[in-house]
Amino acid sequence: MNHIVCIAYVPDTETKIKIGADGKSIDESDVKWIVSPYDEYALEEAIRAKETKGGTVTVVTFGPAKADVGLRECLARGADDAVRIAADGLAQVDSLGVARLLAAAIKPMSFDALWLGNKGAGTDAQTLVPMLAEMLDLPHINLVTKLEWKDGAVTCWREIEGAKEVVEAPLPALLAAQKGLNEPRYASLKGIMAAKKKTITVKTPADLGVDAASISGEKAAVRWTKLELPPGRQAVKLIPADDPAKAAEELLHLLRDEAKVL
Amino acid sequence: MSNILVFVEQRDGKVRKAALESLTLGRALAVKTGGTVAAVVAGSGISGLAGELAAYGAAKVFVADAPELALYSCEGYTAALDAAASAFSPSIVLVPGTMMGKDVAPRFAARRGVGLLSDVMTLEVENGRLVGTRPVYSGKARATVAADPAASLQIATPRPNVFQAAKADVPAAGEAVPLALSGLKIRAKVTKIEAAEGGEIDVAEADKIVSGGRGIKGPENWPILKALCHELGAALGASRAAVDAGWIDHSHQVGQTGKVVSPSLYVACGISGAIQHMAGMGSSKVIVAINKDPEAPMFKVATYGIVGDLFQIVPAMTEAAKRMKA
Ligand SMILES: Cc1cc2nc3c(=O)[nH]c(=O)nc-3n(C[C@H](O)[C@H](O)[C@H](O)COP(=O)(O)OP(=O)(O)OC[C@H]3O[C@@H](n4cnc5c(N)ncnc54)[C@H](O)[C@@H]3O)c2cc1C
Ligand SMILES: Nc1ncnc2c1ncn2[C@@H]1O[C@H](COP(=O)(O)O)[C@@H](O)[C@H]1O
């Protein structure tokens, strides 16, 4: 079974966010970058399937040269090949544009399962999974927390509000990982050494037949026109807790009469 | 730009509140665009829903009613939305940002080759294009996002619980228009739905949430929080620490790798307020922090706070809520 895993290389969720000089993006100095957390679940599941059923795992990202660090980390954990679609020098590309680039890169590849995270940390858009599935004419299953491989098919448990849906799809299919699917491994020393020797294939949008100018910056289908720090919240109103019963009483009255939420 | 089409999510023949919020928002936008609002709903045996949607301003209700649409499938429901869009030619499409909506809207957007304003918390029409705002980078920044004014269609998924749902002053016609979906291709099929224990409210949909973290010490103490949930009509949430300890199912987790929620009230009990937790609940209208550590970061975002032992405060709140109702 062959797997492709799309990973996003994103600012660490702990990173302090500063607004960039253009007022539309973040200031990337001092930012620590990581493989987006959900993508780790996706990669782990692909590697586990390879270990039990054989096959290969290829990781793909659209990102600048520094994303090679993220790809190497995936190779160290057990991926066989890595492809980077070069974003160097490109203005912002929105989800539709990223989906077009990924679709162009993936279309010629042969695979049984295409894996994504259900959400890319940072933009938190949750749009790429269905978009990419549509462009590649694949069935997709979002928010997968458990799965069983069948002959030429897969059964997934998918999280929805207040329930789990059991969904069956024929392969090839696009599957999007949700937390709970597995516990991602760390790279072994041996894996790290082996990853150093593997090559990362770099392709430009032009190599894939995509005109980068038509999907980036002012031509992106969705544009970030402004980025700002969130509005500050009012200072907390502290209620003395010497007498818990009185404190609780006061809190409930504030919630009803002042905040009007009860 | 003028006409507005709203995708209506129903499960078991019941219209989801988030869909009514999107219809209400669609009505507000239509005042500016000068167009009419239509709804599209997919399912089986759902023709009776048109009246309810008319009350919320739907002049037309496109109904895809077929046995193979009884259970949700992205391919089936996207086909319904696509057919309604072809019949109605809207310039704006709103899809509630529920799990179903966030599955359908991007697939539809890609089919039409247009972008999508995802998970917006405000939405306006400005100079002929949709402009919205949404939290990004775990809520540490807020982005203003704008659709391409030249696009044939502009699509947005409004975040649930943020926009109000209100009936129109005068109900619209609600003319039911049946949609026949020919050549329906459903490959990813739901075979079964496993419901959560005993009709609990899900945090993703709840208007009020009481959440517990590592401070609750162990799963044996959930009843203390559940009693308060019961009095307030709230859903039970949890931090990742509580989930990872195996005290509760992941479906309760709020945060970066859990659910992102915007309830009117969020009560955090024994939760420190890590940035990844805040990413999930930072946009709640009113936040209450109950924590014995006055330095806990949760107090920095909280509206009200009590520095104290949750094992004393929470039961006292339950009692106070009971008295208030009496
Ligand atoms: C990639 C990534 C993703 C993550 N995603 C999430 C996520 O989705 N959701 C999430 O929640 N976390 C997430 N985390 C984890 C997060 O960083 C924190 O570790 C977690 O939120 C801590 O949970 P907690 O507040 O319950 O525990 P702690 O930080 O241990 O806090 C417990 C709090 O309880 C208080 N307390 C203890 N006893 C009492 C008492 N008797 N009365 C009152 N107060 C008491 C303590 O003072 C303390 O403030 C993520 C982390 C990473 C790296
Ligand atoms: N630049 C990228 N390159 C490769 N995959 C990506 C990229 N951005 C997002 N993805 C994938 O798409 C998923 C969902 O991202 P999003 O729709 O942006 O929330 C992520 O978890 C990744 O698997």
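Numbered from 1 within each chain, the chains take letters A, B, ... in sequence-line order. As the structure is a prediction and not an experimental result, all values here were calculated from the model.
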#### Entry: Heavy-atom pairs under 4.5 Å with chain B, option from A:Gly232, A:Pro231, A:Ala245 with the top count
A:Pro231
### Query
Looking only at side chains, do B:His250 and A:Glu159 share a donor and an acceptor under 3.5 Å apart?
yes
### Message
At a 4.5 Å cut-off on heavy atoms, which part of B:Val314 comes close to chain A: side chain, backbone, both, or neither?
### Response
neither
### Query
Are B:Arg142 and A:Leu229 side-chain neighbours, meaning at least one heavy-atom pair lies under 4.5 Å?
no
#### Entry: Basic-acidic side-chain contact under 4.0 Å: A:Lys179, B:Asp244
yes
## Note on the structure
So, the part of B:Thr98 with a heavy atom under 4.5 Å from chain A: the answer is both
#### Entry: Pairwise distance OH(B:Tyr304) to CG(A:Leu254) - rounded to 0.5 angstrom
5.0 Å
### Query
Any side-chain heavy atom of A:Val222 sitting closer than 4.5 Å to one from B:Asp148?
no
#### Entry: Region of A:Glu250 in contact with chain B, defined by heavy-atom distances below 4.5 Å
neither
### Task
Could you look at B:Gln312 and say if it's the side chain, the backbone, both or neither that has a heavy atom under 4.5 Å from chain A?
both
### Query
How about B:Lys189 and A:Val167: do any of their side-chain heavy atoms sit closer than 4.5 Å?
no
#### Entry: Option in A:Thr123, A:Val10, A:Asp94, A:Thr145 with maximal non-hydrogen atom pairs under 4.5 Å from chain B
A:Thr123
### Task
Decide yes or no on side-chain contact (heavy atoms from CB on, under 4.5 Å) for A:Thr13 and B:Tyr137, but give the supporting numbers first.
CA-CA 7 Å; A:Thr13 48; B:Tyr137 297 104; over 6 Å; no
### Task
Counting only heavy atoms closer than 4.5 Å, note whether B:Gln256 contacts chain A via side chain, backbone, both or neither.
both
### Task
Against chain B, label A:Leu252 side chain, backbone, both or neither, depending on which of its atoms sit under 4.5 Å from a heavy atom there.
both
### Message
Working note: B:Val145 + A:Thr225, criterion side-chain contact (heavy atoms from CB on, under 4.5 Å); need CA distance, chi angles, decisive distance, verdict.
### Response
CA-CA 6 Å; B:Val145 290; A:Thr225 55; over 6 Å; no
### Task
Using the side-chain contact (heavy atoms from CB on, under 4.5 Å) rule, take A:Gln178 and B:Thr257 through it: C-alpha gap first, then chi angles, then the decisive distance, then the call.
CA-CA 8 Å; A:Gln178 164 70 320; B:Thr257 40; 6.0 Å; no
### Ion pair check, B:Lys192 and A:Glu165, cut-off under 4.0 Å
no
### Message
For the interface with chain B, which of A:Glu14, A:Lys260, A:Glu161 has the highest count of heavy-atom pairs at distances below 4.5 Å?
### Response
A:Glu161
### Task
For chain B, find which of A:Gly122, A:Ser95, A:Ala235, A:Ala169 contributes the most heavy-atom pairs closer than 4.5 angstrom.
A:Gly122
#### Entry: Contact origin within B:Val114 toward chain A - heavy atom pairs under 4.5 Å
backbone
#### Entry: Partners passing side chain to side chain contact (heavy atoms under 4.5 Å, CB included) against A:Ala247 (at least two apart in sequence or in another chain)
A:Ile239, B:Ile306
### Query
Do the non-hydrogen side-chain atoms of B:Met99 and A:Asn118 ever get within less than 4.5 Å of each other?
no
### side-chain contact (heavy atoms from CB on, under 4.5 Å) evaluation trace for B:Lys102 with A:Asn142
CA-CA 10 Å; B:Lys102 283 184 171 169; A:Asn142 226 331; over 6 Å; no
### Query
Side chains of B:Val286 and A:Leu255: closer than 4.5 Å at any heavy-atom pair?
yes
### Message
If I measure from the heavy atoms of chain A, does B:Ile313 come under 4.5 Å with its side chain, its backbone, both, or neither?
### Response
both
### Message
Under 4.5 Å from any heavy atom of chain A, what part of B:Val260 do you find: side chain, backbone, both or neither?
### Response
side chain
#### Entry: N-O pairing of B:Lys140 and A:Glu228 below 4.0 Å
no
### Min side-chain heavy-atom separation A:Leu227-B:Thr144 under 4.5 Å
no
#### Entry: Backbone of A:Gly162 reached by a side-chain donor or acceptor of B:Asp202 within 3.5 Å
yes
### Task
Side chain from CB out, backbone as N, CA, C, O: work out which of these in A:Ala173 comes under 4.5 Å of a heavy atom of chain B, or both, or neither.
neither
### Message
Could you check whether atom NZ of A:Lys150 has more than 12 heavy atoms from other residues, nucleotides or ligands sitting under 6.0 Å from it?
### Response
yes
### Message
How about NZ on A:Lys246, more than 12 heavy atoms from neighbouring residues, nucleotides or ligands closer than 6.0 Å, or not?
### Response
no
### Query
How far does CD1 of B:Ile193 sit from CD1 of A:Ile160, to the nearest 0.5 angstrom?
5.0 Å
## Note on the structure
Whatever's closer than 4.5 Å to a heavy atom in chain A on B:Ile287 counts as both
### Query
Given that the side chain runs from C-beta out, which part of A:Lys119 has a heavy atom under 4.5 Å from chain B: side chain, backbone, both or neither?
side chain
### When A:Val129, A:Val154, A:Thr15 are compared by non-hydrogen pairs under 4.5 Å with chain B, the top option
A:Thr15
### Message
Assess whether a salt bridge exists between B:Arg111 and A:Asp137, defined as any Lys/Arg side-chain N lying under 4.0 Å from an Asp/Glu carboxylate O.
### Response
no
### Task
Check whether the side chains of A:Glu168 and B:Thr191 place a donor and an acceptor atom closer than 3.5 Å, and report yes or no.
no
### Nearest-0.5 Å distance that lies between atom CZ in B:Arg187 and atom CG in A:Leu171
12.0 Å
### Message
Please classify the contact between A:Ile26 and chain B as side chain, backbone, both or neither, with a heavy-atom cut-off of under 4.5 Å.
### Response
side chain
### Task
Run through A:His140, A:Glu134, A:Met131 and flag the one making a side chain to side chain contact (heavy atoms under 4.5 Å, CB included) with B:Pro106.
A:Met131
### Query
Under a 4.5 Å heavy-atom cut-off, does chain A meet the side chain of B:Ala151, its backbone, both or neither?
neither
### Interchain contact, B:Val288 with chain A, by part (heavy-atom threshold 4.5 Å)
side chain
### Message
Please classify the contact of B:Lys259 with chain A as side chain, backbone, both or neither, using a heavy-atom distance under 4.5 Å.
### Response
side chain
### Message
If I measure from the heavy atoms of chain B, does A:Ile141 come under 4.5 Å with its side chain, its backbone, both, or neither?
### Response
side chain
### Query
Who in residues 96-103 of chain A is close to chain B, using a strict under-4.5 Å heavy-atom cut-off?
A:Leu96, A:Arg100
### Query
Roughly how far apart are A:Asp12 CG and B:Ser138 OG, rounded to 0.5 Å?
9.0 Å
### Message
Any salt bridge linking A:Asp124 with B:Arg134? Criterion: basic side-chain nitrogen under 4.0 Å from a carboxylate oxygen.
### Response
no
### Query
Is the number of heavy atoms from other residues, nucleotides or ligands within 6.0 Å of CG (B:Asp12) greater than 12?
no
### Summary
Okay, A:Leu138 and chain B: the region with an atom under 4.5 Å from a heavy atom over there is backbone
### Message
Taking NZ in B:Lys17 as the centre, count heavy atoms belonging to other residues, nucleotides or ligands within less than 6.0 Å. Is the count above 12?
### Response
yes
### Which of A:Arg256, A:Gln234, A:Met135 touches chain B most, by non-hydrogen pairs under 4.5 Å
A:Arg256
### Message
What part of A:Gln126 gets within 4.5 angstrom of chain B, counting heavy atoms only: side chain, backbone, both, or neither?
### Response
both
### Query
With a 4.5 Å limit on heavy-atom distance, are the side chains of B:Thr303 and A:Lys237 in contact?
no
### Message
Determine whether a donor-acceptor pair (N or O, by modelled atom type, separation under 3.5 Å) exists between the side chain of A:Arg233 and the backbone of B:Gly282.
### Response
yes
